[in-house]
Visitor: 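The structure under discussion is supplied below as structure tokens; questions concerning it will follow.
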Amino acid sequence: MIDLKALRANPELFQKAVQLKGMDVDVARLLKLDEQRRELMARQEAARSEQKKLGKEVGPQLGKLKGQLKSATEEQQKELTAQVQVLESKPAALKQEIHELDEKLKVLEPEWRHLWLCLPQPPDSDVPIGASADDNVELRHWHPSWFDPKRSFADNKGFEPKSHIELVKKLGLADFERGVKIAGSRSYVLTGAVMRLHQAVLQLALQYITEEHGFQPVSVPVIVREQTMEGTAFFPHGKDQAYLVDEQHRGGTHDLWLTGTGEVSLMSLHADEILDVDQLPLKYATCSTCFRREAGAAGKDTAGLYRIHQFDKVEQVVICKADEEESRMWHEKMIGSVESLLQKLEIPYRLLQCCTGDLGPKNADMIDIECWMPSRGEEDAEGNPSGQLGETHSASRLYDYQCRRLNIRYNDSDKRAICHSLNNTVIASPRILIPILELYQNPDGSISIPTVLQPFMQGQKVIA
RNA sequence: GGACAGGUGGCAGAGCGGCUGAAUGCGCUGGUCUCGAAAACCAGUAUGGCCUCCGGGUCAUCGUGGGUUCGAAUCCCACCCUGUCCGCCA
């Protein structure tokens, strides 16, 4: 959410932000509604002020007159009633005026508010301008010595790769058919060692981020109120992507929503709180099940574990002081910690600087990480895939955009300010199982378990 | 799911139609006193919006939303939340 004062002072900046992000928000209309709203409110306040003043003068007199009415003769009653009417006429007119202004505000406010909520965070000046993910810019890449994605899989490992789908099917450790039978498209069942591998990678990530990087582990709700989705700025823009728990339909008082990321609840922990500067930065991590409708992705990545409706994710957030340097520092730190985790897992990856068009409404800056997935990409004449990088991580910097909506503030000596927030994927599984399963496969279809994951799998070294 | 009780400032707690943005106590901040501290005493101490000639002005907020009234923390309705007991249950 944008500071309306900032919008009024510099509308061009926000007009440009809308354009850079390829969004459709009528900034001029918002400004106009904002002006109308303030004008109506000013008139209403003046009327209320008058009403209050008048009430204090007239009220006691009215009380007295009405008291006298009870014991008055018929003649006196007429006289007193007339006096009451005179006294009541002016406040009544004001009441009517206030009511009418109220009605006008009620008409105007929903649209005003919607536009305000839709107004995006301007991209940072150093974010490259671009229309879509195709314009994202590679920052750096890394790979372990034993696998260079510049060469083919066969060149690296001496045999042609199987996809993670083939591998787990052959091992009998995943069942997509039954997943679909139970829950519909993009559903899956993991079994045995692959289920344990899924748990292992999550455990490793949570332990790593909490113990080595000092993030506080928190277990949070994944079914939340609409205001929680709105406060974290996933709504209104991302409403299509969230599953609705339609409680009203069956007589409940309010609906609930399934969260698509642990960020929603982690960020909402301190909604409407005024923190002390000494409490900052707050560093939280959670492991939560994430639900995504994948609306608009029909026909895309339909097979396997890449694009699915339900997965688990270790997510980290930082709530810090309103300081650009500090925000940038945490962004770097979080990205660095994920890089080092991927290096422990020995997965080739690259960092992408997302361009303006790929940022989403709430981000000032976003860095994605893509991991090497041998089964993706074009197939050659023999049907062997080229391999391709696939998105597995995303690190966002939001300045005060999210905390303003959530109303998370802090006291610093005699100043009060809105906090900054950041969030980042530590690991999302099963998607991360794709590079792990495919890169660590052996010619016989067995899968070696990465060394760092073995302690989380009772020392098991191979899935066969 | 059933039956009660209750939601007021940082905390405790009064108020139950106008004098109440709110008594009192605690806490916190500053000051007096003191070699220093404690105690005592004095003063200050909610949040947000709008306007401002930057002195201030004004409105809203006593769980939330409606209503009654010239006027609501106070009366009425709905909802939310918390506590206690019973039932069910991972």
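Protein chains get the first letters and strands the later ones, always in sequence-line order, with residue 1 at the start of each. Since we're looking at a predicted model, the values are computed, not measured.
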Visitor: Phosphate oxygens OP1/OP2 of B:G71: is one of them under 4.0 Å from a side-chain N or O of A:Lys95?
Guide: yes
Visitor: What distance, rounded to whole Å, do you find between the two C1' atoms, one in B:G55 and one in B:G66?
Guide: 40 Å
Visitor: Rounded off to whole Å, could you give me the NZ-to-C1' distance for the A:Lys106 and B:G65 pair?
Guide: 10 Å
Visitor: Rounding to an integer number of angstrom, what distance separates B:G71 and B:U20 when you compare their C1' atoms?
Guide: 13 Å
Visitor: Could you tell me whether B:G55 is syn or anti, where syn means a glycosidic angle within 90 degrees of zero?
Guide: syn
Visitor: Quick one: salt bridge (charged side-chain N to carboxylate O under 4.0 Å, His left out) pairs with a partner in residues 219-234 of chain A, sequence neighbours left out?
Guide: A:Arg113-A:Glu230, A:Glu226-A:Lys239
Visitor: For A:Phe234, does the six-membered ring have the charged nitrogen or CZ of A:Lys362 within the cation-pi criterion, i.e. under 6.0 angstrom from the centroid and within 45° of the normal?
Guide: yes
Visitor: Tell me, which pairs form a ring-ring contact (aromatic ring centres under 6.0 Å, His included) where one or both residues lie in residues 256-275 of chain A, sequence neighbours left out?
Guide: A:Phe235-A:Trp257, A:His270-A:Tyr284
Visitor: Taking C-beta and beyond as the side chain, do A:His309 and A:Glu294 meet within less than 4.5 Å on heavy atoms?
Guide: yes
Visitor: In what stems does RNA chain B take part, counting only runs of at least 3 consecutive Watson-Crick or G-U pairs whose two distances fall under 3.5 Å?
Guide: B:1-7 with B:80-86, B:10-12 with B:24-26, B:27-32 with B:40-45, B:46-51 with B:56-61, B:63-67 with B:75-79
Visitor: Within the sub-3.5 Å range, which N or O atoms of nucleotides 72-81 of chain B have a protein N or O partner, and how far apart are they?
Guide:
unit_1, atom_1, unit_2, atom_2, d
B:C80, OP1, A:Thr253, OG1, 2.4

Visitor: Tell me, which pairs form a salt bridge (charged side-chain N to carboxylate O under 4.0 Å, His left out) where one or both residues lie in residues 317-326 of chain A, sequence neighbours left out?
Guide: A:Glu324-A:Arg328
Visitor: Any cation-pi pair here, A:Arg416 with A:Tyr410, using under 6.0 Å and within 45°?
Guide: no
Visitor: Once you round to the nearest 0.5 Å, how far does CD1 of A:Ile347 lie from CD1 of A:Ile436?
Guide: 4.5 Å
Visitor: When you check every protein heavy atom under 4.0 Å of nucleotides 48-64 of chain B, what one-letter string (B, S, -) results, 5' to 3'?
Guide: SBSS------SSS----
